[in-house]
Amino acid sequence: MAPLPRWPLLALLLAAAPLGAQAPAPPPDSAWQEITAAGVFHAAATVDSVYIDRHLHTARVEGGDLAAYLMARLGLRQFPDTFGFRVQVDTLRIRLVGTYGQLPPEARRALESPFFRLAPETELEARVELFPAGPIAVRFHLAEARLNGTPLPEMVLSPLLAGVGRQYPELTASGRDLFIQVPEGALMRLEPGGVRLTGP
């Protein structure tokens, strides 16, 4: 697998906009999963079993574990036991939802700017889609970012993410795509609650 780059997923994906009003957290629902430090190891072990060691032909990674794994791939080093953000996965997208105050200090520093300030209770949401990207890769694409439930307009989001993309080569130039290498002939697809890995 490629070496791990240096930035947490949410700090890269959730470029902030002007402060909005407080919004409630997502309602309790069994479809929402926590992001935990243990999830990094659970997901990595499953990925290795299917794509590298080939002990399993197919296996499922839970949505919370997938988010933790992607954050680790982007270099989050000080991973809290429970991240605070929650994840919901269906066949179309991954939703990551939480508040600005729940971000680790490293991620909050990445979003600081003299041009805006976010209150701790400001709700952040990223909506990420998964696509095949040729024979040996998949692409995680930020389709939308929201602040307090309101989508950030492209005229705000695109320039911010393009600046991120120029600084961090692990993302595409747009700053909104992360490619993950998989073996030729392998598959990765979203399903309710998680992602299905299938070996070649």
Distance from Arg86 atom CZ to Gln102 atom CD, nearest 0.5 Å? 8.5 Å
Rounded to the nearest 0.5 Å, what separation is found between the CD1 atom of Ile94 and the CG atom of Leu70? 6.5 Å
To the nearest 0.5 Å, what is the distance between CG on Leu197 and OG1 on Thr46? 7.0 Å
Nearest 0.5 Å, please: how far is CH2 in Trp32 from CD in Gln88? 4.5 Å
Quick check for you: to the nearest 0.5 Å, what is the distance between Ser49 atom OG and Arg54 atom CZ? 12.0 Å
Any side-chain heavy atom of Leu124 sitting closer than 4.5 Å to one from Thr99? no
Just jot down the side-chain hydrogen bond (donor to acceptor under 3.5 Å, both in side chains) partners of Glu184, sequence neighbours excluded, or say none. none
Looking only at heavy atoms, which two atoms of Pro183 and Tyr51 are closest? And how far apart? CG-O, 3.3 Å
How long is the span from the OH atom in Tyr100 to the CD atom in Glu123, to the nearest 0.5 Å? 15.5 Å
Quick check against the 3.5 Å criterion: does Thr122 have a side-chain atom that pairs as donor or acceptor with the backbone of Ala119? yes
Can you tell me if Asp90 uses its side chain to pair, donor with acceptor, with the backbone of Leu92 under 3.5 Å? yes
After noting the C-alpha distance and the side-chain angles of Thr58 and Val50, does the key distance pass the side-chain contact (heavy atoms from CB on, under 4.5 Å) rule? CA-CA 6 Å; Thr58 185; Val50 175; 6.0 Å; no
Any donor-acceptor pair under 3.5 Å linking the side chain of Gln33 with the backbone of Gly64? yes
Provide the closest heavy-atom pair for Met188 versus Val195 in the form atom of the first, atom of the second, distance. CG-CG2, 3.3 Å
Kindly check if the number of other-residue, nucleotide or ligand heavy atoms within 6.0 Å of CZ (Phe41) is above 12? no
Atom of Ala67, atom of Val87 and distance for their closest heavy-atom approach: CB-CG2, 3.6 Å
Evaluate the criterion salt bridge (charged side-chain N to carboxylate O under 4.0 Å, His left out) for residue pair Arg93 and Glu125; output intermediate values, then yes/no. CA-CA 12 Å; Arg93 68 184 63 86; Glu125 177 178 348; over 6 Å; no
Starting from the C-alpha separation in whole Å, work towards a yes-or-no answer on side-chain contact (heavy atoms from CB on, under 4.5 Å) for Glu129 and Phe140. CA-CA 6 Å; Glu129 298 173 347; Phe140 289 89; over 6 Å; no
List the residues meeting salt bridge (Lys or Arg N to Asp or Glu O under 4.0 Å) with Glu191, not counting sequence neighbours, and say none if there are none. Arg60, Arg189, Arg196
Can you confirm whether Ile35 sits close enough to Met71 that some side-chain heavy atom of one is under 4.5 Å from a side-chain heavy atom of the other? yes
Can you tell if the side chain of His141 reaches within under 4.5 Å of the side chain of Val128, non-hydrogen atoms only? no
Hey, are the side chains of Val138 and Leu130 touching, using non-hydrogen atoms and a 4.5 Å cut-off? yes
Could you tell me which non-hydrogen atom of Phe179 sits nearest to which non-hydrogen atom of Ala137, and how far apart they are? CD2-CB, 4.5 Å
What closest approach, in Å, do Val61 and Ala43 show between heavy atoms, and which atom pair accounts for it? CG1-CB, 3.8 Å
Please answer: with hydrophobic residues joined when any side-chain heavy atoms are less than 4.5 Å apart, are Leu96 and Ile180 in the same cluster? yes
N/O donor-acceptor pair under 3.5 Å between Arg139 side chain and Ala133 backbone: no
Nearest heavy-atom neighbours spanning Ala72 and Val40: CB-CG1, 3.7 Å
In this structure, would Leu66 and Leu56 fall into the same cluster of hydrophobic residues linked by side-chain contacts under 4.5 Å? yes
Is Tyr69 close to His42 at the side-chain level, that is, under 4.5 Å between some pair of heavy atoms? no
